[in-house]
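Scroll down for the structure; my scribbles are underneath it.
The chains referred to below are lettered A, B, ... by the order of the sequence lines, with proteins before strands, and numbering in each begins at 1. These numbers were taken from a predicted model, which means no experiment stands behind them.
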Amino acid sequence: MRKKVSTVRYWLFKSEPDAFSISDLARTRAVLWDGVRNYQVRNLLRDEIREGDRALFYHSSTKEVGVVGEMAVVGGAVTDPLQFDPKSQYYDPKSTKEAPRWLAVTVRYVRTFPRLVPLPMLRSDPALSGMQILERGNRLSITAVTKAQYDRIIRLGTMKR
DNA sequence: GCCAACGTTGGC
DNA sequence: GCCAACGTTGGC
């Protein structure tokens, strides 16, 4: 029997800290990353993001915008239960249990950086040029990151500067 | 709170 | 299937 080859991939997950911050994540063991309501991102959850992948945690729409830490994907895509909850802001009346529209993966806290890596620092770092989140008009809440970009951001978040 | 940029909806 | 109108995102 042939051993299944599985490559770790790297991602950047955005969240508004007022809704869910890395401190909130740090208080839990693992959490379902729910509320994704964009088809491109849904397709990433369905087709690309796997257990064992790594992800940067990014705080958006807040005073200090930037990458704040690291987490791990510990569970593959499942049906996002919030789409069936009429009281949830993520309720989708057009989704059905027979053909659910929206998915979610489970993530686990890895660490909070000693220093937030601010968006302007990402923009000005030549090693990070071309990163998807920095592209004009990008609005996806999950974007791909190369291993080199990932490692560079870990370094920026942990090195003295 | 402004607004650019993008996504979604629905009439035709 | 086009596209105008509307909604949302997210930096500033």
* **Pairs touching residues 116-154 of chain A that satisfy ring-ring contact (aromatic ring centres under 6.0 Å, His included), sequence neighbours left out** => A:Y10-A:Y150
When the distance from [atom1] of [X] to [atom2] of [N] is rounded to whole Å, what number comes out?
X      : N      : atom1 : atom2 : value
A:Y39  : B:dG7  : OH    : P     : 13 Å
A:R37  : C:dG7  : CZ    : C1'   : 16 Å
A:R101 : B:dT9  : CZ    : C1'   : 11 Å
A:K94  : C:dG7  : NZ    : P     : 13 Å
A:Y90  : C:dG7  : OH    : P     : 19 Å
A:W102 : B:dG7  : CH2   : C1'   : 10 Å
A:E16  : C:dG10 : CD    : P     : 7 Å
A:Q40  : C:dT8  : CD    : C1'   : 14 Å

Counterpart residues, ring pair (Phe, Tyr, Trp, His ring centres under 6.0 Å), relative to [X] (two or more places apart):
X     : value
A:F57 : A:W33, A:H59
A:F84 : none
A:Y90 : none

* Structure fact -> Cluster membership besides A:Y91, Ile/Leu/Val/Met/Phe/Trp/Tyr side chains within less than 4.5 angstrom, sorted by chain and number, is none
* Which ILVMFWY residues can you reach from A:L32 by hopping between side chains whose heavy atoms are under 4.5 Å apart? -> A:V78
* Asked: Does anything in residues 58-67 of chain A reach DNA chain C, meaning a heavy atom under 4.0 Å, and if so which residues?
  -> A:Y58, A:S60, A:S61, A:V65
* Structure fact -> Residues passing the salt bridge (charged side-chain N to carboxylate O under 4.0 Å, His left out) test with A:R152, sequence neighbours excluded, are A:D125
Atom pairs, protein N/O to nucleotides 2-4 of chain C N/O, distance under 3.5 Å:
none

* **Sequence neighbours excluded - salt bridge (Lys or Arg N to Asp or Glu O under 4.0 Å) pairs with any residue from residues 19-35 of chain A** => A:D24-A:R27
Return all side-chain donor-acceptor pairs below 3.5 angstrom for residues 102-114 of chain A, not counting sequence neighbours, or 'none' if the list is empty.
unit_1	atom_1	unit_2	atom_2	d
A:W102	NE1	A:D92	OD2	2.8
A:Y109	OH	A:T112	N	3.0
A:Y109	OH	A:T112	OG1	2.7
A:R111	NE	A:E70	OE1	2.8
A:R111	NH2	A:E70	OE1	3.4

* Asked: Taking atom CG of A:L45 and atom CZ of A:R50, what is their separation to the nearest 0.5 Å?
  -> 10.5 Å
* To do: Scan residues 132-141 of chain A against DNA chain B and write down, sorted by residue number, each residue with any heavy atom closer than 4.0 Å; if none is found, say none.
  => A:R136, A:G137, A:R139
* Side-chain donor/acceptor of A:R54 to backbone N/O of A:M71, under 3.5 Å -> no
